[in-house]
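Atom set for the values below is all heavy atoms of this structure, side chains included, hydrogens, waters and symmetry mates excluded. Chain letters run A, B, ... following the sequence lines, proteins first and then strands; every chain starts at 1. These figures come from a predicted structure and were not determined experimentally.
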Amino acid sequence: MPRYNPAEIEPRWQAYWERHKTFATDALPKPGQKKRYILDMFPYPSGDGLHVGHPEGYTATDIVSRFARMRGESVLHPMGFDSFGLPAEEHAIKTGEHPRVQTYRNIDNFTRQLKMLGFSYDWDRSLATTDEEYFRWTQAIFLVIYDTWFDTERQVGRPIAELPIPAEVAAKGAGAISEYQDRHRLAYQDDALVNWCPALGTVLANEEVVDGLSERGGHPVQRIPLRQWMLRITAYAERLEAGLEGLDWPAGIKKLQRDWIGRSTGAEVDFYIGGEETFAAWQAARRGKPLGDTPSNDVLRVYTTRPDTLYGATYMVIAPEHPLVERLTTQGQSAEVVAYRQQASFKSDRERTEGEKAKTGVFTGSHAINPVTGRPIPIWVADYVLATYGTGAIMAVPAHDTRDFEFAVAYGLPVVAVIEPPADFDGRDAVMAGQACFVGVGKVIGSGEFDGRDSDEVKSAITRRLADAGLAREAINYKLRDWLFSRQRFWGEPFPVLHELDAAGKPTGRKRAVPDDQLPVRLPELADFRPHGRPEPPLEKAAEDWLYVTIDGVRYKRETNTMPQWAGSCWYYLRYIDPRNAGRLVDTQKERAWMPVDLYVGGAEHAVLHLLYSRFWHKVLYDRGWVSTPEPFGRLINQGMILGEVEFTGYQTEAGDWVSSRDVRRDAQSNRVDGKGNVVKAVQVAEEDVEKSGDNFVLKSDPAIRIDSRAHKMSKSRGNVVNPDAVVRDYGADSLRLYEMFMGPLEATKPWSMAGVGGVRGFLDRVWRMIVDERADALGLSPAVVDEPCDAEQARVLHGTIKKVTEDTEGLSFNTAIARMMEFTNHFTRCEKRPREAMEAIVTLLAPYAPHIAEELWMVLRGGEGCVSLREWPAWDEAALVQNEIDLPVQINGKVRGKIFVAPDADEAAVTEVARRDERIAEWLGGKSIVKTIFVPGRLVNFVVK
RNA sequence: GCCGGAGUGGCGGAAUGGCAGACGCGCUGGACUCAAAAUCCAGUGAUCGCAAGAUCGUGUGGGUUCAAGUCCCACCUCCGGUACCA
């Protein structure tokens, strides 16, 4: 009884592919073949093993890869592991087991699971970011970045040796030059705030801090300044933004990146703070002189995107950290300002910006002069202005900015409208009276010579006028900040940087790169992974012989920070191209041959950071001649999230009485309560106890009780996680693959359904029975499979299926391709005679989707002749698709009233003629006159009657 | 608040402006069986009707069109992201 038995078939074919290296990729694309680089976002090998979300994207790329190979393309389809990361280190702290041990154990498990699913990766190219041969090159790339400065004029990264040194710097000697270079490198050190948790004795990543408390333990977290490595990604803001244009990425992802980069255009304007008496003289002195890069010390410089509202600037605000705060604070205001600044310093950026809190601030006691009105306006300190954006100071225009308006209302500052809202604007009068805020475009008023013009047109006009007067200049700003690149962690790449020490063992401030022949800088062996209780990195605990090195007689201390997890994932796609190259990060010829990535599939959670960081590194490598394409990833697809099975949730009181979900609310303590305020608990309700009533689900036993139905994210705590191992055990890998592709569009969020897995398994069973004789003793062909050609209808189904599956696979519409293969199977299962050519074709079409069963059936059909995975993709015959008669809907006034059988290419006259003869149509037309006939050849005919 | 995405049978979903609900799950009935499972066949949006058939139907309200799930306007709900960037 040769039943379909995936548990036996699948491991056998996996072993076959591995033995024959079926999916090994040549070093270069085969001559004459199109190259296709198809990439998955590689996983972090967590201890929990593969999640069913992983195989979703991996199956999609596997189908595309197998399909491309069958169409004669050279495919590069690799897989690896993003294996640095916090969990392994935490595990080490807890158990004392080295992170490396756990990491590679997890990688082995992931590899086993991925192989179990039959993905056609070239496993010889597999890599892990924790491999020394890999991070040797991560360190080398860091040194390329370290060796690069950004030439703003030419918008290109160049070797630091080419950085022009100003004469006055050069005059001060080697130390000054080196310091000057350090200030211009794309990798530089700066003091930055880190999350230090004294209770845990460790520094935390931002993701580990929730509401100012540590995620684990809930201990308070302080922000303390520490010397950090930064990467100057802001230098590339312009190019990262511009480069998005040509990418075949989802529009939403591009927009997210654009918003993250946050380019805005406007003006920098200098406001005089030297007092009213000297204003005129100052103004005269400024005339005709362009604004310098550093503002003179008698002005407060602001950045604004709304120069058109300058006449309405009634006060100014500076950030609490602004360098001018102390100078601007008068004696009388000092106590208040000092207190306010101190209070603000306790809050993290996140706390300061979260929620729609009331705005707070204090008056400095000083005034600036509005350069266009000549009137003095007060300068306030408020934390709604961020020191890290623009100039850290703003001109406040309460009439035309909601934040400024709120602040002005709170502190009784004047609101002066300088833009008149359009006549049809609702709160027009309130705006004009200074009681509301209007942010739109309108007519400029109260602005001297600019009155009466459109506000958006005045923007540049006013900037030009001020620029002539030496008071402003056009400016571009980005929200993007430089990338804080160091972590105080053990399990990461060490920085290949050495800090020079003087004879006394004190740092001189000078640094040098670790020489290339000394890479990689390996992690030291630590006896103990527990935090040492100081905010410095764990590597400070390393043995002296690791920590200190002498080169050419100079003693150095190693950098002890490590790189963030992003580092390894920034460039892994390049290493796959040439994974064992010991001399270069990637061979130039191979890189030119395979790059860019043609299809990149992964979760939307990486829409911003990973994809932005990778693009940044890639552009630096491009500028420095290491790679040949300006962008790494040509086409990007985000797979949707897979949710747990749909759950029905009801609510019960303590006493066990049902409460309708309509009456359940959250109280102030966020308990669930019923209408009377009694606390209720959520309980799961079985599907069979629930029925639909109107738009809602209700309890069958009591239709007055409404039940919630929803699918939730899979989570351990919810207990709805689906384990791929169990699915493969119960249904087989082909069923898991096929189900995940059949659930719905790749990019959609969709709930899991184990019954649905059973459904596609049923389909594979049917395919099996269509071809295999299940009643025979040995594996052999069903007697229904015959060496005869298809009849006309079979040919139509066959060629229609080839066409649909080909087009849908190309378009990544896997769900509809599978549906079509099901229709094929339904049709041929009903046929007494199943022509061999049709059976061979369906097995070939199925091969990318369910490769194991396809190989097995191919063996049955062809008796072990070759391997279907490498077979040529079938072509369809358009001629087989044409029908000699179709049923054409006949509409009367847009409603289908009948169908007629006509030739597909019948013309309007013929169709009308046949339709009029049709009994039912004639009845509908009876006594009415046809005003108009709409005829769509081959689709329908519509009579408009009166 | 803002920015995305989505609302179609009991459920997942399908539909270049042209027959709404392909395909799958579930359900109902039938065949096979002593019986069950498995398999095969048929049916399955709602309402009315013995039937032929009719009417309604893609979140809501309006509009464009011979024709709207699809296009336009206004709104509602859900999901995801984001948080004072001047």
Side-chain angles (χ1 to χ4, degrees), chain A residues 3 250-253 255-256 259-260 262 264 266 302-306 309 317 350 352-357 359 382-386 388-397 400-404 406-407 477-481 604-605 607-608 640-641 643 645-646 687 690-692 695 697 709-711 713 739 742-745 747-760 762-763 765-766 769 774 813 815-823 825-826 829-830 887-899 920 931-936 938-945:
Chain A
R3 285 277 193 82
I253 301 299
K255 192 176 169 349
L256 273 177
D259 290 349
W260 189 264
S264 70
V302 302
Y303 170 71
T304 179
T305 56
R306 297 293 306 273
T309 61
V317 183
R350 176 173 287 231
R352 262 168 65 171
T353 56
E354 92 193 329
E356 352 163 345
K357 281 196 310 267
K359 293 185 172 39
D383 66 4
Y384 81 91
V385 170
L386 307 173
T388 45
Y389 183 79
T391 61
I394 61 155
M395 63 176 212
V397 186
H400 305 295
D401 181 283
T402 49
R403 298 153 302 183
D404 297 343
E406 269 179 55
F407 191 78
N477 251 301
Y478 297 92
K479 285 199 233 176
L480 188 67
R481 306 291 152 85
E605 67 272 21
V608 177
M641 207 192 331
L643 305 175
E645 298 234 7
V646 173
E687 196 178 343
V690 160
E691 66 185 351
K692 189 104 181 191
D695 287 341
F697 284 96
S709 100
R710 195 140 79 84
K713 255 188 210 165
Y739 171 65
F742 187 60
M743 291 171 88
E747 288 159 278
T749 304
K750 42 215 175 250
W752 187 266
S753 156
M754 213 48 103
V757 185
V760 293
F763 161 64
D765 282 325
R766 278 161 68 79
R769 282 193 299 272
E774 273 200 306
S813 301
N815 54 334
T816 49
I818 294 166
R820 181 63 200 218
M821 290 191 270
M822 288 173 168
E823 286 182 73
T825 306
N826 291 343
T829 299
R830 274 187 283 259
D887 58 340
L888 189 86
V890 180
Q891 297 185 340
I892 289 165
N893 288 343
K895 294 197 174 181
V896 180
R897 294 303 182 187
K899 301 215 171 132
R920 286 198 53 218
V931 225
K932 194 174 176 184
T933 304
I934 285 106
F935 175 66
V936 187
R939 297 308 296 246
L940 55 62
V941 63
N942 184 14
F943 298 114
V944 184
V945 301

**OP:** Verify the contact: side-chain N or O of A/Arg766 to OP1 or OP2 of B/rC40, cut-off strictly under 4.0 Å; return yes or no.
**Re:** yes

Original post:
If you find the nucleotide of RNA chain B closest to A/Arg710 and the one closest to A/Ala819, which residue's nucleotide is nearer the 5' end?
Top reply: A/Ala819

Original post:
Heavy atoms under 4.0 Å, any strand shown: does A/Val896 hit a base, just sugar-phosphate, or nothing?
Top reply: sugar-phosphate

Original post:
Choosing from B/rG13, B/rG18, B/rA86, which nucleotide comes nearest the side chain of A/Asn942?
Top reply: B/rG18

Original post:
When you measure from the side chain of A/Arg920 to the backbone N and O of A/Arg897, does any donor-acceptor pair fall under 3.5 Å?
Top reply: yes

Original post:
So what does A/Lys692 hit on the nucleic acid, given a heavy-atom distance under 4.0 Å: a base, only sugar-phosphate, or nothing?
Top reply: sugar-phosphate

Subject >> Short side-chain N/O contact from A/Ser264 to OP1 or OP2 of B/rA86, under 4.0 Å >> reply: yes

Original post:
Of the nucleotides B/rG12, B/rA54, B/rG18, which has the atom closest to the A/Phe742 side chain?
Top reply: B/rG12

Original post:
Is the shortest distance from a Lys or Arg side-chain nitrogen in A/Asp765 or A/Arg769 to a carboxylate oxygen in the other one below 4.0 Å?
Top reply: no

Original post:
Within the pair A/Lys255 and B/rG4, is there a side-chain N or O less than 4.0 Å away from OP1 or OP2?
Top reply: no

Original post:
When the nearest nucleotide of RNA chain B is assigned to A/Thr305 and to A/Ala755 on a heavy-atom basis, which residue is associated with the more 5' position?
Top reply: A/Ala755

Original post:
Can you tell me how far P of B/rC2 sits from CH2 of A/Trp260, to the nearest Å?
Top reply: 21 Å

**OP:** Give the nucleotide from the list B/rC23, B/rG81, B/rU39 with an atom nearest to the side chain of A/Leu256.
**Re:** B/rG81

**OP:** Check whether any side-chain N or O of A/Arg769 sits under 4.0 Å from OP1 or OP2 of B/rA38, and answer yes or no.
**Re:** no

Original post:
Which part of the nucleic acid does A/Arg820 contact within heavy-atom distance under 4.0 Å: base, sugar-phosphate only, or nothing?
Top reply: nothing

Original post:
Which nucleotide sits closest to the side chain of A/Lys895: B/rC56, B/rC19, B/rC3?
Top reply: B/rC56

Subject >> Atom P, compared across B/rU70 and B/rU65: separation rounded to whole Å >> reply: 16 Å

Original post:
Choosing from B/rU55, B/rA86, B/rG24, which nucleotide comes nearest the side chain of A/Arg897?
Top reply: B/rU55

**OP:** Would you kindly give the CZ-to-P distance between A/Phe763 and B/rA22, to the nearest whole Å?
**Re:** 17 Å

Original post:
If we call it a pair only when both distances are under 3.5 Å in a Watson-Crick or G-U wobble match, what pairs with B/rU39?
Top reply: B/rA31

Subject >> For B/rG45, the Watson-Crick or wobble partner whose two distances fall under 3.5 Å >> reply: B/rC56

Original post:
Which nucleotide in the set B/rG24, B/rC66, B/rG10 lies at the smallest distance from any side-chain heavy atom of A/Val944?
Top reply: B/rC66

**OP:** Please step through side chain to side chain contact (heavy atoms under 4.5 Å, CB included) for the pair A/Thr825 and A/Met822, ending with a clear verdict.
**Re:** CA-CA 5 Å; A/Thr825 306; A/Met822 288 173 168; 5.6 Å; no

Original post:
Are any of A/Lys932's side-chain N or O atoms less than 4.0 Å away from OP1 or OP2 of B/rA67?
Top reply: no

Original post:
Glycosidic conformation of B/rG61, syn or anti, with 90° from 0 as the boundary?
Top reply: anti

Subject >> Whole-Å gap separating C1' (B/rG4) and CE (A/Met641) >> reply: 14 Å

Subject >> Rounded distance (Å) that lies between atom P of B/rC25 and atom CD of A/Glu645 >> reply: 15 Å

Original post:
Which one is paired to B/rG17, where only Watson-Crick or G-U wobble pairs with both distances under 3.5 angstrom count?
Top reply: none

Original post:
Does any N or O in the side chain of A/Lys750 come within less than 3.5 Å of the main-chain N or O of A/Pro745, such that one atom is a donor and the other an acceptor?
Top reply: yes

**OP:** Quote, to the nearest angstrom, the C1' distance that separates B/rU16 from B/rG57.
**Re:** 24 Å

Original post:
Under 4.0 angstrom, heavy atoms only, what part of the nucleic acid is A/Asn826 near: base, sugar-phosphate, or nothing?
Top reply: sugar-phosphate

Original post:
What's the closest nucleotide to the A/Pro745 side chain, out of B/rC66, B/rU39, B/rA14?
Top reply: B/rA14

Original post:
Quick one: which of B/rC11, B/rA14, B/rG53 gets closest to the side chain of A/Asn815?
Top reply: B/rA14

**OP:** Would you kindly give the NZ-to-C1' distance between A/Lys750 and B/rG13, to the nearest whole Å?
**Re:** 11 Å

**OP:** For B/rG1, give its Watson-Crick or G-U wobble partner with both distances under 3.5 Å, or none.
**Re:** B/rU82

**OP:** Using both distances under 3.5 Å as the test, list the Watson-Crick or G-U wobble partner of B/rU77, or none.
**Re:** B/rA6

**OP:** Pick base, sugar-phosphate or nothing for A/Gln891, based on heavy-atom distances below 4.0 Å to the nucleic acid.
**Re:** base

Original post:
Using purine N1 to pyrimidine N3 plus N6-O4 or O6-N4 for Watson-Crick, or N1-O2 and O6-N3 for G-U wobble, each under 3.5 Å, what pairs with B/rC50?
Top reply: none

Subject >> Below 4.0 Å: OP1/OP2 of B/rA86 and any side-chain N or O of A/Lys359 >> reply: no

Subject >> Pairwise P distance, B/rG21 and B/rC34 [rounded to whole Å] >> reply: 41 Å

Original post:
Looking for any heavy atom pair under 4.0 Å, which part of the strands does A/Asn477 touch: base, sugar-phosphate only, or nothing?
Top reply: nothing

Original post:
Ignoring hydrogens and geometry, is there a side-chain-to-backbone donor-acceptor pair from A/Gln891 to A/Leu940 under 3.5 Å?
Top reply: no

Subject >> Rounded distance (Å) that lies between atom P of B/rC11 and atom CD of A/Glu691 >> reply: 13 Å

Original post:
According to the Watson-Crick and G-U wobble definitions, with both distances under 3.5 Å, which nucleotide is paired to B/rC71?
Top reply: B/rG63

Original post:
Would you say A/Tyr389 reaches B/rA86's phosphate, i.e. side-chain N/O to OP1/OP2 under 4.0 Å?
Top reply: yes

Original post:
Would you say the side chain of A/Thr304 lies within less than 4.5 Å of the side chain of A/Val397, judging by non-hydrogen atoms?
Top reply: no

Subject >> Spacing of the P atoms in B/rC66 and B/rU60 (rounded, Å) >> reply: 25 Å

Original post:
Just how far, in rounded Å, is P of B/rA14 from CD of A/Glu823?
Top reply: 14 Å

Original post:
Which nucleotide, in any strand shown, forms a Watson-Crick or G-U wobble pair with B/rC11, with both distances under 3.5 Å?
Top reply: B/rG24

**OP:** State whether the side chain of A/Tyr739 and the backbone N or O of A/Ser753 hold a donor-acceptor pair below 3.5 Å, judged by distance alone.
**Re:** yes

Original post:
Hey, is CD on A/Glu687 packed in by over 12 heavy atoms from elsewhere, all under 6.0 Å?
Top reply: no

Original post:
Under 3.5 Å, side chain of A/Asp401 to main-chain N/O of A/Ala396, donor-acceptor pair present?
Top reply: no

Original post:
Between B/rG12 atom P and A/Met743 atom CE, what is the distance in whole Å?
Top reply: 11 Å

**OP:** Could you measure between the two C1' atoms, the one in B/rA37 and the one in B/rA54, and give it in whole Å?
**Re:** 43 Å

**OP:** Would you please confirm or rule out a distance under 4.0 Å between OP1 or OP2 of B/rA54 and any side-chain N or O of A/Arg920?
**Re:** yes

**OP:** Quote, to the nearest angstrom, the C1' distance that separates B/rC50 from B/rA15.
**Re:** 35 Å

Original post:
Which nucleotide, B/rA42, B/rG12, B/rC23, lies nearest any side-chain atom of A/Arg830?
Top reply: B/rA42

**OP:** Provide the distance between the two P atoms, one in B/rA42 and one in B/rG24, to the nearest whole Å.
**Re:** 12 Å

Original post:
Parallel, tilted or perpendicular for A/Phe407 and A/Tyr384, by the 30°/60° rule?
Top reply: tilted

**OP:** Considering only atom C1', compute the distance from B/rC48 to B/rC40 and round it to an integer number of Å.
**Re:** 35 Å

